[in-house]
Structures are given as C-alpha cells and as structure tokens.
There are 2 protein chains.
Amino acid sequence: MRPDETRAKILAATDHLFGELGFDATTTRDIASRSGVNKALIHYHFGSKEELLGELLDDYYRRLTIALVGAMARSALLEDQAADVADAYGEFLAENRTFCSIVQREVASGRHVERLVSRTLPSFRAAAEWLARLAPGAPGDLELAQVLTSVYGMIVTYFTYGRVLEALTGQDPFCPAALDARKRHIRRVVALLIREMVAAPASGGGESPCPRSTPGTPRKRRGS
Amino acid sequence: MRPDETRAKILAATDHLFGELGFDATTTRDIASRSGVNKALIHYHFGSKEELLGELLDDYYRRLTIALVGAMARSALLEDQAADVADAYGEFLAENRTFCSIVQREVASGRHVERLVSRTLPSFRAAAEWLARLAPGAPGDLELAQVLTSVYGMIVTYFTYGRVLEALTGQDPFCPAALDARKRHIRRVVALLIREMVAAPASGGGESPCPRSTPGTPRKRRGS
DNA sequence: GATTGGTTTAGGCGATCGCCCAATCCAGGT
DNA sequence: ACCTGGATTGGGCGATCGCCTAAACCAATC
C-alpha cells in the first residue's frame with residue numbers, strides 16, 4: 001500500500017471515531033483496527049494522537065476556507081453574499097457532521113482554541129470589514145460581533161443538536177427537505193438582520209466593555 | 001464530616017473538572033484530590049463515574065427549569081415573555097458556565113441525549129404551544145422549531161465559544177458589560193423575530209420533511 | 001461499655017492506555 | 001545480486017484508568 005493511502009485510511013478512521021466518540025474516548029487501537037493498519041503506523045506517520053487530531057482539523061479548515069471563499073464570490077450583491085456564505089457554511093457542516101462534533105468538543109474543552117482562532121480570525125476580520133461597509137452605523141445591539149456570533153450559532157447549533165432535534169420533533173433533521181427548510185430559515189433571518197442593521201440609525205456603537213480577562217493561558221490536555 | 005457535605009464537595013469538584021477537562025479526561029482520582037475526599041468515597045456515594053455525571057446534570061436541569069419557569073411568569077405580555085425567558089437562559093448559563101461545556105460535550109457525543117430530551121421536551125412543547133398561540137400562521141421559514149433552534153443557538157453559542165470570542169475580539173465576553181450587551185442584542189433579535197412571525201401571512205406551514213432516520217439507538221459510552 | 005450501621009480509609013486488582021522498540025518487509029537504485 | 005531506506009510488523013513497557021475489598025473509624029443506641 002502506498003504511504004499516502006495509509007495516511008488517508010488512518011485519517012478517515014480517525015475522523016469517524018473522533019466524531020462519534022471524541023478524542024479522549026477514542027484509542028489509537030480503535031483507529032488502527034478501523035483503518036486496518038498496524039497501530040504503530042499511526043505514530044510512525046503522525047507522531048502522536050494529538051498531532052493526528054491536528055492534521056485532521058487542518059484538513060477540515062483548509063476545505064472550509066475554500067468553500068466559504070467560493071461562496072463569497074458567488075454574488076456581487078452584498079446582501080446576497082451574507083446569505084450565500086451562511087448557506088455554504090451550513091452545507092459544509094451537513095456534509096461534514098463529524099467536523100462539527102469535533103470542533104464543538106474541542107471548544108468546550110478550551111483546547112485547540114489557538115488553532116481555531118488562527119483559522120477563523122481572517123474570516124472574522126473579513127466579515128467585520130464587510131459588515132462595516134454594509135452598515136457603517138449599526139446600533140450597539142446589532143453590533144457586527146453580536147450578529148456574527150448569532151448567525152454562526154444559528155448555523156452550528158442545528159447540527160450539533162441534530163440528535164436532540166430529531167428526538168424533539170420526531171423528524172430527521174438531516175434529510176434533504178429538512179436541510180433545505182433550515183437553509184431557507186437562515187437566509188430569511190440573515191436578510192432580516194441585515195435589513196435592520198442598514199435601516200437602523202447610527203447610534204453610539206459599542207462602548208467597549210472590558211479588556212480580556214486572563215492573559216490567554218491555553219489549557220493543556222492531560223498527560224502532555 | 002456529614003455525608004451530604006461529602007456529597008456536595010464531590011459534586012462541586014466534579015462540576016469544575018467535568019466542565020474544564022470533560023468527562024473522559026477527568027479521573028475519579030482528580031475528583032477525589034480536588035474535593036479532598038478518599039477516592040473510594042466517590043463510588044460509595046454515587047455508584048459510578050457515570051451516575052455521578054447523571055446526578056450533576058439532574059441538579060442543573062432542576063435549577064434551570066426553576067429559573068425558566070420563574071422568568072415565564074414575570075410578564076403577562078406574550079412578547080415580553082419570550083425575551084424574559086431568553087434572558088433567564090443567558091443569565092443561567094453565565095452563572096453556570098461549566099454546565100454549558102458539559103452539555104455541549106455530551107450532545108456532541110450523542111450521549112445522555114435521552115436525559116437532555118426528557119428534560120427539554122416539556123419546555124419545548126410549552127414553547128411550541130405558546131408560539132403557536134402568538135403567531136398561529138407563521139410561514140414555513142419562520143416555523144417555531146426553526147425559531148426556537150435559532151434563538152437557543154444564539155444564546156448557548158455565545159457561552160460555549162466564549163474563549164474563542166475573547167481571542168477574536170480582545171475583550172472579556174463574560175464581564176458584566178459584555179453580558180449586558182449580549183442580552184440586549186438577543187432581546188432585539190427575539191423581538192424582531194416575533195414581530196416578523198406575527199406580521200407574516202399565514203402560508204402553508206411546513207411540508208413535514210421525512211420521518212426520523214434511525215430507530216433511536218442511543219450511543220453507549222465506551223466500556224459500559 | 002458493648003453493639004450497630006453508616007462512613008471512611010489504604011491498598012490493590014485487572015484492564016487498558018499512548019507510545020516505543022527491534023526486527024522484518026520490500027520496492028528502487030547501483 | 002546487493003544495498004539502502006522508508007514502511008510495516010508484533011510485542012511490550014510504564015503509567016494510569018475505574019472500581020473493588022477488607023479493615024478501621026465513629027457517632028448514636030441500648
């Protein structure tokens with residue numbers, strides 16, 4: 001077997017297992033048996049379990065960035081761009097449900113936040129400039145950071161809570177019709193928010209609450 | 001030391017550690033050393049690590065329900081009730097940040113979904129009836145399940161992604177001023193959504209996508 | 001003061017973890 | 001035919017996991 005084939009098989013198994021069980025509950029032996037390779041090969045190719053997760057996340061963020069940038073270029077109208085990017089995000093999560101679980105878990109643990117931030121910061125800055133251009137004088141309670149957080153939350157929560165929603169509504173939230181309904185809903189809310197931001201009078205913006213609390217000590221995973 | 005004191009100390013330590021490290025990465029020895037009790041006492045009082053998490057979650061949901069019901073009764077106006085409940089949810093999460101992390105992780109793993117659903121279902125049904133009364137003919141893309149999911153996502157995402165937001169914005173998202181700003185934003189969006197739902201023409205509702213996919217097999221934790 | 005029953009303790013069992021090692025395999029260059 | 005170096009293998013090391021056991025502790029009861 002070619003070396004990159006081995007790597008790909010390990011990554012695929014890792015993706016599935018980390019998504020289902022989580023990093024901590026998945027053993028390297030699980031990954032080895034699921035991918036059909038010797039367990040020593042995992043450390044040979046990736047160094048450690050931690051670095052394996054790192055490569056997996058890097059791969060996801062690379063593809064996500066491509067998808068979002070592509071969606072951004074789809075329309076020339078600023079109003080449509082927002083909904084297009086939101087759509088693309090939702091579609092990416094729908095096609096990569098494990099990614100959603102993995103990120104959610106890592107964020108909850110405060111681990112890999114640096115990676116997530118470094119990958120997200122450019123998009124965040126771009127979206128900020130973009131929104132500032134669209135609605136230069138949005139009021140404080142429709143500040144761009146607030147709106148971005150809300151829209152992001154609307155998108156990801158649907159997927160992270162998919163199983164809960166299924167139990168609550170009795171319907172499969174990931175079937176094409178349900179995904180389409182969700183997409184329409186998000187487009188509607190995004191349009192609503194943008195309309196409101198643009199129409200709102202330029203109030204005194206945000207009064208800049210407090211500086212950051214802790215000096216940003218990254219939490220370490222146990223045993224490293 | 002009185003037995004219930006011991007239990008309380010164990011639960012407090014468990015809460016902190018599960019919130020910071022997660023269930024899997026926390027050992028019963030960690031809990032014992034942090035709470036200052038013998039490690040065998042954990043199993044004496046709670047049976048197993050799993051049941052310990054169960055009692056912790058039960059306690060949280062009990063208090064959360066009280067908080068939400070209380071908020072519901074604060075105003076007689078339907079429009080205000082929605083924002084009040086959203087406020088109460090946000091305040092509860094602000095005061096119980098570990099709860100947010102724990103739930104997020106469990107949901108991502110598909111574990112304890114039954115518990116979460118059984119605790120959430122009454123509130124969900126109540127909110128559904130309530131919203132149906134408020135906006136009997138909301139259009140499909142403002143369906144109550146969609147709106148509920150979105151508002152819920154807006155609230156919880158702010159807390160689960162707190163550390164990310166801090167790195168992105170350079171400000172402490174949990175200081176009083178920031179929490180208040182977030183609260184005002186959410187109130188605004190909730191008001192916006194309700195206004196839109198009420199004003200919208202009664203379209204053909206949801207066309208009921210698909211039945212549930214899997215017959216609801218709960219994922220089991222490893223080694224149980 | 002002996003007894004009782006709930007509570008606490010130190011110690012350890014079996015299983016499993018991530019990771020490492022020496023040996024082996026094998027395709028490509030000489 | 002020989003050599004070389006990356007890829008692969010089985011085996012195992014030290015550490016740590018959740019949980020259990022037998023003994024000790026201790027206030028309340030008679």
Practice task
Take A:D15 and A:T98 through the side-chain hydrogen bond (donor to acceptor under 3.5 Å, both in side chains) test and state the conclusion after the steps.
Solution key: CA-CA 7 Å; A:D15 174 46; A:T98 51; 2.7 Å; yes
Handout entry: Qualifying residues under side-chain contact (heavy atoms from CB on, under 4.5 Å), relative to A:A67, sequence neighbours excluded
Key = A:F92
Completion exercise
Between CG of B:L53 and P of D:dC19 the distance, given in whole Å, is 12 Å
Handout entry: Short side-chain N/O contact to C:dC19 OP1/OP2 from A:T28, under 4.0 Å
Key = no
Handout entry: Cation-pi, B:F174 ring and B:R97 (6.0 angstrom, 45 degrees)
Key = yes
Exercise for the section: Rounded off to whole Å, could you give me the NE2-to-C1' distance for the B:H43 and D:dC17 pair? Expected result: 10 Å
Problem - Among C:dT8, C:dC17, D:dT8, the nucleotide that comes nearest once only the side chain of B:L41 is considered - result: C:dT8
Exercise for the section: Could you tell me the separation between the CD1 atom of A:I31 and the P atom of C:dC17, rounded to a whole number of Å? Expected result: 11 Å
Practice task
For the side chain of B:K39, starting at C-beta, report the closest nucleotide among C:dG11, D:dG12, C:dT8.
Solution key: C:dG11
Problem - Rounded distance (Å) that lies between atom C1' of C:dG6 and atom CG of B:N38 - result: 15 Å
Completion exercise
Nearest-nucleotide check on DNA chain D, A:R29 vs A:Y44; residue mapping nearer the 5' end is A:Y44
Practice task
For D:dT8, take OP1 and OP2 only and decide whether either is under 4.0 Å from a side-chain N or O of A:H45.
Solution key: yes
Exercise for the section: Using the six-membered ring of B:F46, assess whether NZ or CZ of B:R7 lies under 6.0 Å from its centre and within 45 degrees of the ring axis. Expected result: yes
Practice task
Can you tell me the distance, in whole Å, between the NZ atom of B:K49 and the C1' atom of C:dT16?
Solution key: 13 Å
